[in-house]
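Because the structure is a prediction, the values reported are computed rather than measured. Computed over heavy atoms, backbone and side chain alike; hydrogens, waters and symmetry mates excluded. For reference, positions follow the sequence shown, starting with 1.
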Amino acid sequence: MADWLLVMLYDCRSPADRDRGVAAAIEAVKNGELVVLPTDTVYGIGADAFTPYAVRALSDARGGSQQAPPVLIGSRHTLDGLVFSLPKAARDLVEAFWPGALTIVVEHSPSLAWDLGDASGTVAVRMPLHPVALEVLRETGPMAVAAANKVGQPAALTAEEARDQLSYSVRVYLEAGACPDPVPSTIVDLTGETPRLLRAGAIDLDQLREVAPDILDERGA
């Protein structure tokens, strides 16, 4: 019971509760604890990207996923601090679709003091289009964020659904209502000479090619 009492769910549809919830989430992340927050796709479970034990706790909470989690950021400018160099196609796609449902895979700077798992020097990064998520991220800095559900279970479309699966492994849950359009983000690999579409999602191939005409569709390859 004591552990359960430490788990807080804040209804961010109420201005006062939102302020308290965002502040509690920021504090939790800075203390190396886990939070659940809304994004423009589905709810995510997040941790400070630079706290290795928090990133491991995120994986354990989801049931031991070995996949390196994506990183969410609260500003386009943050991207420049994470990568060694950013291809022109990456800058063009970010300019066109961020904040939004586009995840880009890029080579991260070798000097970064983080351990996201076996990602071979790359990171999947996104700036979500959700005011609550952005408010948290602008104070915490980059967060490792994965879907807020157990591996193999349905994606959480509300914070309450996430709490049903993750219970007291998470310190703070931020509720913002049901996801209006729970389509996953589109993933584009920009680590090579030519951009490659790895997963189709909210942004389709035609939209991407308006910005990066040479993008290859490698789904199922």
Side-chain angles (χ1 to χ4, degrees), residues 6-51 54-55 57-58 61-62 69-83 94-104 112 114 116 123-149 155-163 166 168-186 201-203:
L6 294 175
V7 175
M8 297 297 295
L9 187 146
Y10 297 88
D11 189 343
C12 295
R13 293 165 292 189
S14 158
D17 218 22
R18 171 177 168 158
D19 289 344
R20 289 192 294 267
V22 167
I26 292 167
E27 181 181 11
V29 172
K30 290 183 176 180
N31 287 337
E33 296 173 303
L34 304 181
V35 302
V36 161
L37 69 168
T39 76
D40 48 343
T41 54
V42 297
Y43 277 73
I45 175 175
D48 178 17
F50 295 96
T51 304
V55 176
L58 185 158
R62 299 188 69 240
V71 169
L72 297 190
I73 58 177
S75 166
R76 294 178 187 173
H77 300 298
T78 305
L79 184 61
D80 290 324
L82 299 181
V83 299
V94 163
E95 181 68 27
F97 298 112
W98 277 14
L102 173 69
T103 298
I104 61 172
L112 288 181
W114 65 12
L116 299 175
V123 61
V125 61
R126 184 166 87 86
M127 181 182 175
L129 181 58
H130 195 288
V132 173
L134 291 174
E135 193 171 348
V136 174
L137 288 162
R138 283 168 181 158
E139 293 298 322
T140 62
M143 287 177 60
V145 179
N149 55 270
L157 304 185
T158 66
E160 285 197 7
E161 288 182 10
R163 186 173 63 177
L166 303 170
Y168 46 76
S169 61
V170 172
R171 172 54 61 89
V172 174
Y173 291 84
L174 299 181
E175 179 67 82
C179 299
D181 190 18
V183 178
S185 67
T186 296
I203 300 167

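Residues P128 and D40 form a side-chain contact, since some pair of their non-hydrogen atoms from C-beta on lies under 4.5 Å apart. When side chains are defined from C-beta on, R76 counts as touching E95, because their heavy atoms get closer than 4.5 Å. Using a 4.5 Å cut-off on side-chain heavy atoms (C-beta onward), R20 and M8 make no contact. Side-chain atoms of W114 and L82, non-hydrogen and from C-beta on, do get closer than 4.5 Å to each other. Using a 4.5 Å heavy-atom cutoff, the side chains of P38 and L174 are in contact. Taking 4.5 Å as the limit, every side-chain heavy atom of V22 sits out of range of all side-chain heavy atoms of E139. At a threshold of 4.5 Å between non-hydrogen side-chain atoms, the residues V55 and L116 count as touching. In this structure, L134 and M127 have side chains that are in contact, with non-hydrogen atoms separated by less than 4.5 Å.
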Check: Taking it one step at a time, do S185 and T103 satisfy side-chain hydrogen bond (donor to acceptor under 3.5 Å, both in side chains)?
Finding: CA-CA 6 Å; S185 67; T103 298; 2.8 Å; yes

Next item on the list: Could you please spell out the steps behind the side-chain hydrogen bond (donor to acceptor under 3.5 Å, both in side chains) verdict for S14 and D17?
Entry: CA-CA 5 Å; S14 158; D17 218 22; 5.4 Å; no

Checklist line | CA sep, side-chain torsions, deciding dist, call: V35, M143, side-chain contact (heavy atoms from CB on, under 4.5 Å) | finding: CA-CA 10 Å; V35 302; M143 287 177 60; 3.8 Å; yes

Notebook entry, point to check: Could you go step by step and tell me if V132 and R18 meet the side-chain contact (heavy atoms from CB on, under 4.5 Å) rule?
Noted result: CA-CA 8 Å; V132 173; R18 171 177 168 158; 4.0 Å; yes

Next item on the list: Could you please spell out the steps behind the side-chain contact (heavy atoms from CB on, under 4.5 Å) verdict for I104 and L79?
Entry: CA-CA 11 Å; I104 61 172; L79 184 61; 4.0 Å; yes

Next item on the list: Test side-chain contact (heavy atoms from CB on, under 4.5 Å) on E160 and Y43 and set out the steps.
Entry: CA-CA 10 Å; E160 285 197 7; Y43 277 73; over 6 Å; no

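The OG1 atom of T41 sits 10.5 Å away from atom CG of L129, with the distance rounded to the nearest 0.5 Å. Rounding to the nearest 0.5 Å places CD1 of I73 at 11.0 Å from OG1 of T140. In this structure, the separation between CG on L137 and NE2 on H130 is 11.5 Å, given to the nearest 0.5 Å.
Contacts of W98 classified as ring-ring contact (aromatic ring centres under 6.0 Å, His included), with partners at least two apart in sequence or in another chain: none.
The minimum heavy-atom distance between Y10 and G21, with the atom names listed, is CG-CA, 3.3 Å. In plain terms, the two heavy atoms of T51 and G32 that are nearest each other are CG2-CA, 4.4 Å. Listed here is the closest heavy atom pair of A24 and V172: O-CG2, 3.8 Å. Here the shortest heavy-atom pairing between V71 and A49 reads CG2-CB, 4.5 Å. Minimum heavy-atom separation, T78 to P142: CG2-CG, 3.9 Å. Between L34 and A54, the closest heavy-atom pair is CD2-O, 3.6 Å.
The backbone N or O of A25 sits nowhere less than 3.5 Å from a side-chain atom of R171 that would complete a donor-acceptor pair. In terms of modelled atom types and a separation under 3.5 Å, the side chain of R62 and the main chain of A147 share a donor-acceptor contact. Remark: side-chain polar atoms of D11 are paired, donor with acceptor, to backbone N or O of R13 under 3.5 angstrom.
Among L37, N149, V145, V170, the single residue meeting the side-chain contact (heavy atoms from CB on, under 4.5 Å) criterion with I45 is V170.
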